[in-house]
Amino acid sequence: QVHLVESGGGLVQPGESLRLSCVASGFTLDDYAIIWFRQAPGSEREGVLCLSSNDVGTYYSDSVVGRFTISRDNAKNTVYLQMNSLKPEDTAVYYCAREKYYYCSGYESSVDSWGQGTQVTVSS
């Protein structure tokens, strides 16, 4: 049984940082690409950043390049999204998801398992 559980969201001021965690169970984490999506109020869900099974990162939102990074700790079965220099427009529910294969596509159609989401609010 595949499960993904996000945590680490919260309310922060602009310019501050958060690290989101995605704890995986039911599969070998480093055999799959893991992608972070987000959905802002009134907007469609979009891909943010993905990590392939061989730890190659791919950005799907230009607005987070240079501010967000993705990493994994296989010993802890956890993928992280480090978010620095947060802006109000980063406010969204953030989801981690497992893509079907080793490599990243960035499309929801490639996802076979979703986490429940964690809320990030950036406001002064």
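Below, each value reflects all heavy atoms present in this structure, side chains not excepted, and no hydrogens, waters or symmetry copies. Along the sequence shown, residues carry numbers from 1.
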Q) Can you check whether Gly9's main-chain N or O pairs, donor with acceptor, with Thr118's side chain at less than 3.5 Å? A) yes
Q: Kindly compute the distance separating OG (Ser61) from CG (Leu49), expressed to the nearest 0.5 Å.
A: 9.5 Å
Q. Is there a path of hydrophobic side-chain contacts, each under 4.5 Å between heavy atoms of I, L, V, M, F, W or Y residues, that connects Val56 with Tyr101?
A. no
(Q) So for atom OH, which belongs to Tyr103, do other residues, nucleotides or ligands contribute more than 12 heavy atoms lying within a distance under 6.0 Å? (A) no
Q) According to a 4.5 Å side-chain heavy-atom criterion applied to Ile, Leu, Val, Met, Phe, Trp and Tyr, with indirect links allowed, do Phe37 and Ile70 form part of one hydrophobic cluster? A) no
Q: Check whether any side-chain heavy atom of Phe27 sits under 4.5 Å from a side-chain heavy atom of Asn77, and report yes or no.
A: no
Q) Under 4.5 Å between side-chain heavy atoms, hopping through other hydrophobics if needed: is there a path connecting Leu18 to Val23? A) no
Q) How close do Asn84 and Ser17 get, heavy atom to heavy atom, and via which atoms? A) OD1-OG, 2.9 Å
Q: Calculate, to the nearest 0.5 Å, the distance between atoms CD and OG belonging to Gln1 and Ser113 respectively.
A: 8.5 Å
Q: Hydrophobic side-chain clustering at under 4.5 Å (ILVMFWY, transitive links): who's grouped with Val5? Put none if nobody.
A: none
Q.
With rounding to the nearest 0.5 angstrom, report the SG to CD1 distance, Cys96 to Ile35.
A. 11.0 Å
**Q.** CG/Asp62: more than 12 non-hydrogen atoms of other groups inside 6.0 Å
**A.** no
Q | Atom CD of Glu44: over 12 foreign heavy atoms under 6.0 Å | A | no
Q: Taking the side chain as every heavy atom from C-beta outward, state whether Ser71 and Gln82 have any atom pair closer than 4.5 Å.
A: no
Q. Which heavy atom of Glu99 sits nearest a heavy atom of Gly106, and at what distance?
A. OE2-N, 3.1 Å
Q. When clusters are formed by joining ILVMFWY residues with side-chain heavy atoms under 4.5 Å apart, either directly or through shared neighbours, do Leu4 and Tyr80 land in the same one?
A. no
Q. If you take all heavy atoms of Gly117 and Glu6, which pair is closest and at what distance?
A. N-OE1, 2.9 Å
Q) For the residue pair Ala40 and Thr91, what are the closest heavy atoms and their distance? A) CB-O, 3.4 Å
Q) Does any pair with a residue in residues 31-41 pass side chain to side chain donor-acceptor pair (under 3.5 Å), and if so which ones, sequence neighbours excluded? A) Arg38-Glu46, Arg38-Ser63, Arg38-Asp90, Arg38-Tyr94
**Q.** Aromatic ring pairing Tyr95/Trp114, orientation class (parallel under 30°, perpendicular over 60°, tilted between)
**A.** perpendicular
Q | ILVMFWY cluster, Val93 and Leu81 together (side-chain gap under 4.5 Å) | A | no
Q. What's the verdict on salt bridge (charged side-chain N to carboxylate O under 4.0 Å, His left out) for Asp112 and Arg98, showing C-alpha distance, side-chain angles and the deciding distance?
A. CA-CA 6 Å; Asp112 64 5; Arg98 188 180 79 169; 3.0 Å; yes
**Q.** Minimal non-hydrogen separation, Tyr60 against Cys104, with atom names
**A.** OH-CB, 3.3 Å
Q. Between CD of Gln13 and CG of Leu86, what distance do you get to the nearest 0.5 Å?
A. 11.0 Å
Q | Heavy-atom pair of closest approach, residues Asp30 and Arg72 | A | CA-NH1, 3.4 Å
